[in-house]
Amino acid sequence: SHEKKALFIIFGGTGDLAKRKLYPSLFRLFRKGSINKHFAVIGTARREWSDDYFREVVTDSIQSLKPSQQELADFISHFYYQSHNVNDTEEYKILGNLANELDSTYELEGNRLFYLAMAPRFFGTISKHIKSEKIMTEHGFSRLVIEKPFGTDFETAQQLNSEIAAVFNEDQIFRIDHYLGKEMIQNISAVRFGNNIFESLWNHRYIDNVQITLAEDLGVEERGGYYDQSGALKDMVQNHILQVVALLAMEPPTLFSEEAIRTEKITALKAIRVYNDQEVKENFVRGQYVAGKTADTNYKEEPGVDENSQTETFVAGKLMIDNFRWAGVPFYIRTGKRLSEKGTRINIVFKSTPINVFREADTSHKDLPDNILTIYIQPTEGFSLTLNGKEVGDGFNIDPVKLNYRHSQENLDNSPEAYEKLLLDCLKGDATNFTHWDEVANSWKIVDTVRETWDKETTDIPTYPAGSMGPHCAFDLLEKDNRQWVWEP
Ligand code: BG6
């Protein structure tokens, strides 16, 4: 059978992530048989909960998946709760005993997955105790799964990494970036390496610029406290956006394998230019939302946010990749809260033909429209490609057409959720879609210089109205290069 045997120990088992993502994903895996009889889940957190109460919480968290009575009863019988203070060595002994007991009850063969769904400041102490109190097993696998933020800059990330690396080897560490679990992010590699018509054009000779937009319509919701300390640069660029850049920019792997892909991604990230102060000012802009069409509160008034906050809720930038493939090709990136819509898209804008032979024939006398390959990540998933054709009729006017493909609703409904895919990868020990330490390190180096420059600014952060696509400076960034953001609502 394809059943995977494992004990899941979830630190932060009462938290939001566990309820919104982990329990539903575990249930989906259960339904598909990827986990079945030989698994158990220990939820831990400070709160004193009983197993029964925990099982009720888990039940609530999977309601939308409409489990049958039988499925539900089976599933939740595998869940156990242990209240736990992460700083108390004695309590790890209790946890370890429970783990061993469940291991033998469910015949888990010593396989353990430690999922740290809590603040990174606890990662070090938890890892240390997992080892010293022998909760790691000597037979079977022991894997550590951690959530972002992985540090707040290069230095703190390095510190954090050395704490966990003292206990776990790199191949036991699974750093989650949930964008890497998204179907269409994974599809980037299929489009690039499965199509010679694209891969052979995928370089500075034929590509004019690349645009990556991760737009959100929501504001900071209940996460003002966290977000105000973080800002869009650390929340989205350091991880998700730079991962997407790496996938788009990397050299083809010799084989589609974890080892080869990670190696090429790391090389690509290392080639991204790290800017000095002056270059940051020229190439990065930021903004903060104020009341507008889609919201009547300013960011500064959100719960948990400092009333004088200078934190960016929007960032746009131009990245340059200094290697043979990408010399001179800007990668424009942008992301923000309270933009006009939720939309994650990649646009590959190709160079125009050497000359426009239709310049006299076409009565509009316009430039030839660009060929653009768009990859739609979410909410719709698919591709489009714009090509130039001839307008039907007399004369010779050029008429751009758009070949458009989107996954069907049925396809979307059946596609596994990002966390489900990533959890299954962890169970299989496949770290392809997780970030290697070298990727994290290089991403921080790129982001840190931007942050440092901004921290020295004395002028107020630019603003943009809720429901727009960001501050003026984000449009100016491309206009000064004689380019524009490609975006059709
Ligand atoms: C998270 C950020 O990593 O990604 C959030 O912390 C953001 O601020 C979220 O809203 C976006 O993810 P998705 O999957 O909704 O695009």
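Order of listing sets the numbers, starting from 1, for every ligand and every atom in it.
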If you look at each N/O of ligand 1, which protein N/O atoms lie under 3.5 Å away, and at what distance?
from     : atom 1 : to     : atom 2 : distance (Å)
ligand 1 : 3 (O)  : Lys148 : NZ     : 2.9
ligand 1 : 3 (O)  : His240 : NE2    : 2.7
ligand 1 : 6 (O)  : Lys148 : NZ     : 2.8
ligand 1 : 6 (O)  : Arg223 : NH2    : 2.9
ligand 1 : 6 (O)  : Asp235 : OD1    : 2.7
ligand 1 : 6 (O)  : Asp235 : OD2    : 3.4
ligand 1 : 8 (O)  : Arg223 : NH1    : 3.0
ligand 1 : 8 (O)  : Asp235 : OD2    : 2.6
ligand 1 : 8 (O)  : Lys337 : NZ     : 2.7
ligand 1 : 10 (O) : Glu216 : OE1    : 2.6
ligand 1 : 10 (O) : Glu216 : OE2    : 3.3
ligand 1 : 10 (O) : Lys337 : NZ     : 3.0
ligand 1 : 12 (O) : His178 : NE2    : 3.1
ligand 1 : 14 (O) : His178 : NE2    : 2.8
ligand 1 : 14 (O) : Lys182 : NZ     : 2.6
ligand 1 : 15 (O) : Lys342 : NZ     : 2.9
ligand 1 : 16 (O) : Tyr179 : OH     : 2.4
ligand 1 : 16 (O) : Lys342 : NZ     : 2.7
ligand 1 : 16 (O) : Gln378 : NE2    : 2.6

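- For the ring pair (Phe, Tyr, Trp, His ring centres under 6.0 Å) criterion with Tyr23, the lone passing option out of Phe75, Tyr115, Phe54 is Phe54.
- Residues meeting the side-chain hydrogen bond (donor to acceptor under 3.5 Å, both in side chains) test with Lys66, sequence neighbours left out: none.
- Scanning all heavy atoms of the two residues, the minimum distance from Glu170 to Trp437 falls at OE2-N, 3.2 Å.
- Between His78 and Tyr80, the distance separating the two ring centers is not shorter than 6.0 angstrom.
- For the residue pair Gly382 and Met184, the shortest heavy atom distance occurs at O-CE, 3.4 Å.
- When every heavy atom of Thr263 is checked against every heavy atom of Thr267, the shortest pair comes out as O-OG1, 2.9 Å.
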